[in-house]
Structures are given as C-alpha cells and as structure tokens.
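Because only heavy atoms are used, hydrogens play no part in the values below, and waters and symmetry mates are left out as well, while side chains stay in.
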Amino acid sequence: MTPQPSAPGPPRPLKRKDAPSSSNTAGSTSHNKRRKTQVALESSGPTKRKDALSFSATTKNARQDKRRQTTKDARAISSQASSKAFKNGELDVDKFVKAREYEIKALEQGMARAKKALAERAFQQVPKELRRRTASHNVKRVPKRLQKRAAREVCIPVPSKRNYYMNSAEGNRPTSVKSRKPRVKKNALKDPPPAPAKFRKRQIGKSWLPTHLYHAKRAHMTSPKEPLWRYAVPLTPTMKSYRPTHRASGDRGAVAWDMSYMATVSLAGTEQSLQGLLRALGIGASPETKQLWGTRGQRCSSGTRVWEGWLYCRDSFPLQAIAPATVIWCAENEPMSVLGAVAEEKANVQRKTVRKLLIRVHPSAFHQLWDEVLRLAKVQKPQVMVEDLRFEIGSIEITGPASTEALLGALWPSTSTSGRDWPQGSVEATWSSLAEITNPAALPENVLFGFDIVDPRLHHPPHTIAIPQSTQESALLSTLSKWPCDQTQTSPKLFDRNARLKAARALPSQKAINRRKSFAVPGTYPEPKPSDAQIPILLYATRNLQSRNGGQSRAQGTWNLLLPWKTVLPVWYSIMYYPLSTGGQPRFGGLREKRQIIFEAGVPWFPGDFPGTAAGYAWEVREREKRKEDWAKRPRGKRIEWSSVDLGNGKKGEIGDGWACDWERLLTGMAPPTTGKSTEAAGDPSSKSGSVSLPPKPCHITSAAASSLLSGSSPLHNIDLSTALATVTLDLLVRGVPQTCARIYRLPSASAIDSAAISLRNSWLALVPTPEFRRRGREQKQPFPSILPKDAPPHVVHRQLAQSLLKPPQAGEDEYPVCPGEENLIGFVTTGNFNLGEGKGTGIGCILLERVLERVREGGNEGMKGRLCVVRNAGQSVGRLARWDIAG
C-alpha cells in the first residue's frame, strides 16, 4: 500500500538567510532556543487559543497575494481581435459590431468587478475603536455619513427620527401620509412642546422662544436658573442700542420683538355665552366701553377690529383689575354687507352658531385670568369651551416708520384658488397697497387683517419692494376712507386648529427649499406650486397715545403679527434681513427696548407700572430683591447708607427701604413683609397670582375711573380710597432726572395751621416756571455770560445782578426748599429716566388717590396747583418740582 499523504499542517515559516555572528554566542544560543520552541509549537498542530506566533508572515503574504490576484483578475479586460471582421480586404459589419459589443460589455463588467473588489464595507471605513468585535453591525453606531450605505449593505431600512417620503418627480412628500393628531386639551393647561434631545436639559423649568437660537447669539438673555415668566426672554442686544432704538422707532428704520411669550386663550361657544363671559370680566361695564355691545361695537364682534382694555375679576368692576388684554373675534364666513342693525332672524341663527375668539394677555397674569375664565365658562348656558394656545400661536411686534415696508417684504399673500391676482378690495389686495404707510396709527383704529401667506423661505433673501410714487396718494386716501376690508374679511384660518397643524407640518425642510432654489432661474425666486404650505396669520395695528402736559398726541403705531408657533422663525429671518429703502435693516429689541419705547411714548408698562395688581406687585417684589442684592454686593464705602440720608429740617434716614417702592409704608406705615427667594411670589412671578398677597391689599384704579373720581363726575362705587392706586405720568418742571423708586410728595396744604408748612409751600410754588419760560424752552440763550470779564460795563453788571436776584434758587443752594415730610408722601416712581423723545427727564409712577383727591377737587387756580408734586430720588436729599397727570 502506498502511504497516504499526511494532512497539511500550518505553513512553515521562511528560513532566515542571515546566520548569527560568531562573536555573539550568547545571542545565537538564545535565538536557537526560541527557534526550537517555535518549531515544537508548529509541529504540535493548532491550539484552541490563538497565539501571536501562529500569525506568521506567510499568512499575511498569502492574504496579500490573494488580494493582488483578485485585483489583477478584476482589472483584466478581455478583448476580441478584429481580424475576423476583414475578409479579402472587405469589412464584415455584423462581425465588427459584435466584436465591439463584446469589448464594451467586458469593459463595463471589468469596471464593476474592480469597484466591487476594491470596495470596503461601511463598517470597515470607521476607525478601529468604533468597530464592534461581536460583528452585530448596528447601523446607528456608524457615522451619519455612512449610515445609509451601511443600511443598504445589511438590507435594513435607515433608522431616523423623521422619514421623508420623497417623490422622485417633484421631490415632495405625498399628502396621503398622515400622522396622528395630538389630542385637544379642553379646559386644561397645555404642556410645553418637547424640546430636542440635545437641548432638553437646557429647558428644564423654562421654555425657549421660537427665535431663541437667534437671540442667544446676539443678545443678553435671562439667567438660566432665573427665567422670566417661565421663558428664556432676551433682555437687550449685546451692542449699544439705547439711542439707535430711539432713532429706529421714531425717525428712520424699524424695531421688532419676538413676543411669543404672550399668552393666548381660545374661547368657543355661542355668541350669547361668549358675550355673557366677557361682560362678567368687565368688558362693557364702564361708560367708555358700553358701546361695544351696540351698533358701534359691531366691528369688533364681526372680526374686523380688535378690542383692547382691562379685564377684571368676576363682576368686580372697577376693583380687582387683572391685566390689560386684547380680544379678537373670529369673523364669520359670510362677510358683513351692511353695517347697522341685524335682522332678527339672522340674530337668532347667530345665537346658535358656534363662535370663536382669542384673548391675549401678559404671561405674568395668565394664571389668574385662566382661573377666572375657567370658572366663568362653566356657569355659562351653554358652556363655553376654553383652550390654552400658549405654545400653538406665536407673535411678532414691529414698530417704526419702515415697519409696514418690512412686513410687506416678508409677508407675501398666497395665490388665489383661480391662480389670478386678488380682486380689488379684498384683504390681500388691500394689504399689498399699504406700502406708503409710514405710521400704522394712520390706519383705522385697531384694524385687523386675516389671510394666508406663503413660506417666506421661498423668497429669501428678500428684496426691497417698490414704493409707489406720490401720484398714487389719492388711491391710498380713498382706501383709508372707505376701508373695504370691513365687507370682505372672511374667517381667518388661524382660528382653526387643523389649519395651524397643517401649516406647521407642511413646511418643507431647508434642504428641499435650497433644491427648489437651485432649479430656479438665477436672480429669480422659485415658482409657486399648489402644494406649497400656506401659513395663516392675523395682523392688527395698535396706537399709542402720548399724554404729556395735559394733552394727547399721536405717537408711532405698532404692528402685531400672530401666526403658528413653528412658523415664527422663518418669518422672523425674513423681517430681520429685509433691506430697507432708507438703508440698513430692521433692528431687534429685548425687554429693555420694549420698556424704553413705551416709556418714551408716555404709556405705562404692564406689569411694572401697575403695582396695584397681583402681577404688578409680584414684579415689584422680584425687582426689589435684585436691587437689594446689587446694593449688598457693593463695599460699604461705595454704597448708600440709608440711615444717614439727610431729608432736611433735621430729619435723617430714608423713608422705607431705599431699594424698594415701599407700598406697605405708604399704606399703613408698617415695614414691608419679609420676601425671600423661597417664596413663590418673589422667586417666580409667573406663579399663580392668587398666591401674591398684600396686607392691606392695594387696589388698582384704571385711568378712566381715576379721572372720573378726581373730577367728581361719577360716584365712588364703594371704592376704598385708602388703598386705591392710580398710575400717573410725571413731567419735571425743573432740571433733573427721576429714577426708579423715587419718592413722590404733595405740596403742603394751603390751609395748614403751621406757618413753616405754608412757607415751604410758597417756596416750591416760586419754582414754577412762567409761561414765557415754557414757550421759549429751557434751552433759551442767556443774554450775558455767567461770569463777566473784569472790564465789563457797569450797566451790564447791574443788569446781571438784577437777574440773579430774580432768578429762583437752584438745587444745592441754601435757599433751595427742602422736601416735605412723610405725611405728604403720596407715591413712588416705578419707571424713570431721561426721555429722548421729550429731551428731559420724565417718569411714570403710582399715587394714593386718598391723599390727592381733596387737593385736586379744590376749585379755581388751586385745582391746578393740586397736581404739583415734589420728586426725590432714593438716597438723595434734593427734590425736583414736577407735575403729575393720570396716565391715559
């Protein structure tokens, strides 16, 4: 028998060509021992444990040779000789074509083989530390750029958070794929939308505005641990913006704010039930608002105007004021044809029809209003459905001469169903014809637009719109006088929840937008498609009436834009990057810029200037704690020592806490309650207003009610004047700038028994400027310099001496009067600064009506002097003469 060949063992290692040197006997001996050990291991066959020595160079070389051979075979391209196609010098076309066809197929197959031979799998293209020893091939562990390829290799679908079903023809998702609608929460508070995973920890205890990432890079935000009204609110831009904001809001440009933190409440029910609920909240209770339920207020209930005013607790007008609010009715599908009395049959149908309205209120008073509305909705017959829309509807405010132009460049009305231009007189056509408007206050009061716009990203970056020439001014005046939107306004889709969700979900990705732009003709925008998203909006204009020196003048109006929450950011970018025709772009503002513009208009700001409300007092407590912390951080040598403030007449020590508007001291003479950060009111002003309490509780009186009380034209309505606070504007009659927390004093009474009090009153009245001084202004030219030269003529010296004797004493001189005593304290300044619009220092404060009522009601010239007051900044001993008026 022939011997059988033994089983092939592992390949033997190659022999070394170089022999050990004779001079290194010890090294050769150790090498021979290792060599014998390696041969013994190889002869014993493979073991269970893979040893490093068994992985020899032969195995590596064999693997490399196999790869080279595979690559060589893949690159080898077979060909066919063309000699058979020639016979006797003639070309056989059939054989020649078949030969070339064979070579072309061989070339394509060779290219495919070479690509397949040299290709590596997606899991092999990542670093070694990312590879899995278990070879489970988890696609999610591969980098994003290789996930799709890895999924194709393992034949599984690509895992992602959003599956885009792209249509190969148009590149859009089919409308047949519908996601589940979120459940509607009726009569319940809504939770904030879930934040992205990478930002989730940053939004614990607060929510971000839609434009948070834009503002976080360009503005100072609220502290992460101390949000404002449970939102991360931008406070002020990082760049200096006090004077630029004043110029942009009044002279040239525009200023915009993201006001999405404003709370929105939706009410749905019959018209009779909704009117009963609004009446219980105090709408129409005052003589000024009684016409809202008559013929004059039909524009508001028909959905062509908005209503702005104060809301109160249930049947408590004029006491227990909650907050100023905006009420927007949803227009009916049939436009209002005749403005006047409605037929009885139509009124009966409307009583059974479900109507909708929106209530917009400041977030600091939202919880108080929500509890009151929810309580009133349950007692209505039939019941009213209440819905929280805080995170469904966002808003943008913009003011300035170029505000209308910026909105026209960003808000493009969607095309009509017929594909033609909108007819003359429609809401869309009327909106497009307002390019010449430089002040929204020129429009009809509280006018409302409701229409759909296209995605602003399709025409981004925006181009400057064409401003009509002055020859078309007559057309604009005709539009303003007739205002056709009162007859053509239909039901806005923003009131429909399905339309809001559809607009948010139909927004394509930025990648799809860029793809459409790449297909468009250079220099033009993409063509509109019927499948484009339509964003429903509500746009209304409001007015700010200045109340200075007893008169009212119209200031710059403001545009308010309401739109779905997720569509705020695209519209915001279009507004911010719009090139204005006057140069530059619109500015953005924070909370400080908002307060600055309102202050310059002479209008109080809620909640800071209304400490008589629960939300206003919570704001005061919060600001009081901040000012106290800032004061405590200063060294003792660089901070005010309140106990050593000289008040004159031998009195020392500040009245109350110098860092606070001490209303407790004003009302009862008691010290303020201890308010630490642990309390709900001081730590979180967005908490429910019912938890904020004042012993005794103050009462805010609106401007209309306060004016009626001071004039004596209306009864007191059982108002406790000892706690009634009214918001006033302060106009300084002398030089000086009032600051926040400044003390407001009345002049001593003319009928006082004490001669020192009468003398002090006369000293302050002597500082009242004459009418000639008011007419020429404070910046009048001095006829002579303050310091005369030595060789001045005698008559010039005598004249200057006479003028100095007649000139009233200035602050800091010995003859300057001291401030009145604490018994004449009537209020505090809640907002004070230098007013760029007035060119002097002005302020807004609150006064106690009980201490000024008798002085103002006195007849004759004494009634005018009853409005004079003295304003002294906290920590100072010098007072300034001023005049207060009820804030309109």
Problem - Lys/Arg N to Asp/Glu carboxylate O, Lys628 vs Glu625, below 4.0 Å - result: no

Practice task
Please find out if less than 6.0 Å separates the ring center of Trp663 from that of Phe828.
Solution key: yes

Problem - Any Ile598 side-chain heavy atom under 4.5 Å of Phe606 side chain - result: no

Handout entry: Exam field: side chain Thr245 to backbone Ile597, donor-acceptor pair closer than 3.5 Å
Key = no

Practice task
Please name the pair of heavy atoms, one in Ala232 and one in Thr222, separated by the smallest distance, quoted to 0.1 Å.
Solution key: CA-OG1, 3.6 Å

Exercise for the section: Write down the atom of Val878, the atom of Ala811, and the distance for their closest heavy-atom approach. Expected result: CG1-CB, 3.6 Å

Fill in the blank from the handout: Shortest non-hydrogen pair, Val829 vs Val871, comes out as CG2-CG1, 4.1 Å

Handout entry: Side-chain touch Leu666/Arg851, heavy atoms, less than 4.5 angstrom
Key = yes

Problem - Contact check, side chains of Glu593 and Thr236, non-hydrogen atoms, under 4.5 Å - result: yes

Practice task
Please step through side chain to side chain contact (heavy atoms under 4.5 Å, CB included) for the pair Leu881 and Leu732, ending with a clear verdict.
Solution key: CA-CA 6 Å; Leu881 186 64; Leu732 294 189; over 6 Å; no

Problem - Residue pair Asp646 / Ser877, side-chain donor-acceptor N/O under 3.5 Å - result: no

Exercise for the section: Examine distances only and state if a side-chain atom of Glu372 and a backbone atom of Tyr312 form a donor-acceptor pair shorter than 3.5 Å. Expected result: no

Handout entry: Atom pair NE2 (His215) and OG1 (Thr238), whose distance is rounded to the nearest 0.5 Å
Key = 11.0 Å

Handout entry: salt_bridge(Glu397, Lys594) N-O dist < 4.0 Å
Key = yes

Handout entry: SG on Cys699 to CG on Leu849, rounded to 0.5 Å
Key = 9.5 Å

Practice task
Could you tell me whether a side-chain N or O of Lys206 sits under 3.5 Å from a main-chain N or O of Pro224, the two making a donor and an acceptor?
Solution key: yes

Exercise for the section: Taking Arg743 for its side chain and Arg872 for its backbone only, find out whether a donor-acceptor pair lies under 3.5 Å. Expected result: no

Problem - Donor-acceptor contact present, side-chain Trp619 to main-chain Ala614, <3.5 Å - result: no

Handout entry: Over 12 non-hydrogen atoms of neighbours within 6.0 angstrom of CZ in Arg627
Key = yes

Problem - Spatial distance of atom OG1 (Thr399) from atom CG (Asn560) [nearest 0.5 Å] - result: 9.5 Å

Handout entry: Ser260 backbone acceptor or donor facing Asp258 side chain under 3.5 Å
Key = yes

Practice task
Could you pull out the closest heavy-atom pair between His700 and Ala321, with the gap in Å?
Solution key: CD2-CB, 4.2 Å

Practice task
Please find out if less than 6.0 Å separates the ring center of Trp310 from that of Phe610.
Solution key: yes

Exercise for the section: Report yes if the side chains of Trp659 and Cys741 come closer than 4.5 Å at any heavy-atom pair, otherwise no. Expected result: no

Exercise for the section: Using modelled atom types only, decide if a donor and an acceptor are shared between the side chain of Arg761 and the backbone of Pro748 within a distance under 3.5 Å. Expected result: yes

Completion exercise
Interatomic distance, CD1@Ile844 vs CG@Asn833, rounded to 0.5 Å, equals 11.0 Å

Practice task
Any chance you could measure Leu760, atom CG, to Cys819, atom SG, to the nearest 0.5 Å?
Solution key: 8.5 Å

Handout entry: Between Asp885 and Thr729, a side-chain donor and acceptor under 3.5 Å
Key = no

Handout entry: Lys840 side chain reached by Asp731 side chain, heavy atoms, under 4.5 Å
Key = yes

Practice task
Name the orientation class of the two ring planes belonging to Tyr261 and His362 (parallel below 30°, tilted from 30 to 60°, perpendicular beyond 60°).
Solution key: perpendicular

Handout entry: Non-hydrogen atoms of Asp609 and Cys846 that approach each other most closely
Key = O-SG, 3.5 Å

Exercise for the section: Could you grab the distance from atom CG of Leu319 to atom OG1 of Thr702, nearest 0.5 Å is fine? Expected result: 10.0 Å

Practice task
Give a yes or no on whether the backbone of Gln810 and the side-chain of Glu813 come within a donor-acceptor separation of less than 3.5 Å.
Solution key: yes

Problem - Contact check, side chains of Leu825 and Arg665, non-hydrogen atoms, under 4.5 Å - result: no

Handout entry: Side chain Glu620, main chain Cys661, donor-acceptor under 3.5 Å
Key = yes

Exercise for the section: Assess the side chains of Ser241 and Arg587: does a donor N or O sit below 3.5 Å from an acceptor N or O? Expected result: no

Exercise for the section: May I ask you to test the Pro698-Leu667 pair for a side-chain heavy-atom distance under 4.5 Å? Expected result: yes

Handout entry: Tyr242 backbone acceptor or donor facing Gln596 side chain under 3.5 Å
Key = yes

Exercise for the section: Quick one: closest heavy-atom pair of Trp764 and Pro820, and the distance? Expected result: NE1-CD, 4.3 Å

Exercise for the section: Decide side chain to side chain contact (heavy atoms under 4.5 Å, CB included) for Trp605 and Thr830; before the verdict, give the C-alpha distance in whole Å, the side-chain angles of both, and the deciding distance to 0.1 Å. Expected result: CA-CA 10 Å; Trp605 174 76; Thr830 54; over 6 Å; no

Handout entry: The single option from Ile744, Ile847, Leu721 passing side chain to side chain contact (heavy atoms under 4.5 Å, CB included) against Val852
Key = Ile847

Practice task
Report the C-alpha separation of Ile283 and Leu311 in whole Å, then their side-chain angles, then the decisive distance to 0.1 Å, and conclude whether the side chain to side chain contact (heavy atoms under 4.5 Å, CB included) test is met.
Solution key: CA-CA 7 Å; Ile283 298 180; Leu311 299 182; 3.6 Å; yes

Handout entry: Side chain to side chain, Asn824 and Leu747, heavy atoms closer than 4.5 Å
Key = no

Exercise for the section: Begin from the C-alpha positions of Glu815 and Ser763 and carry the test side chain to side chain contact (heavy atoms under 4.5 Å, CB included) through to its verdict. Expected result: CA-CA 9 Å; Glu815 295 81 6; Ser763 300; over 6 Å; no

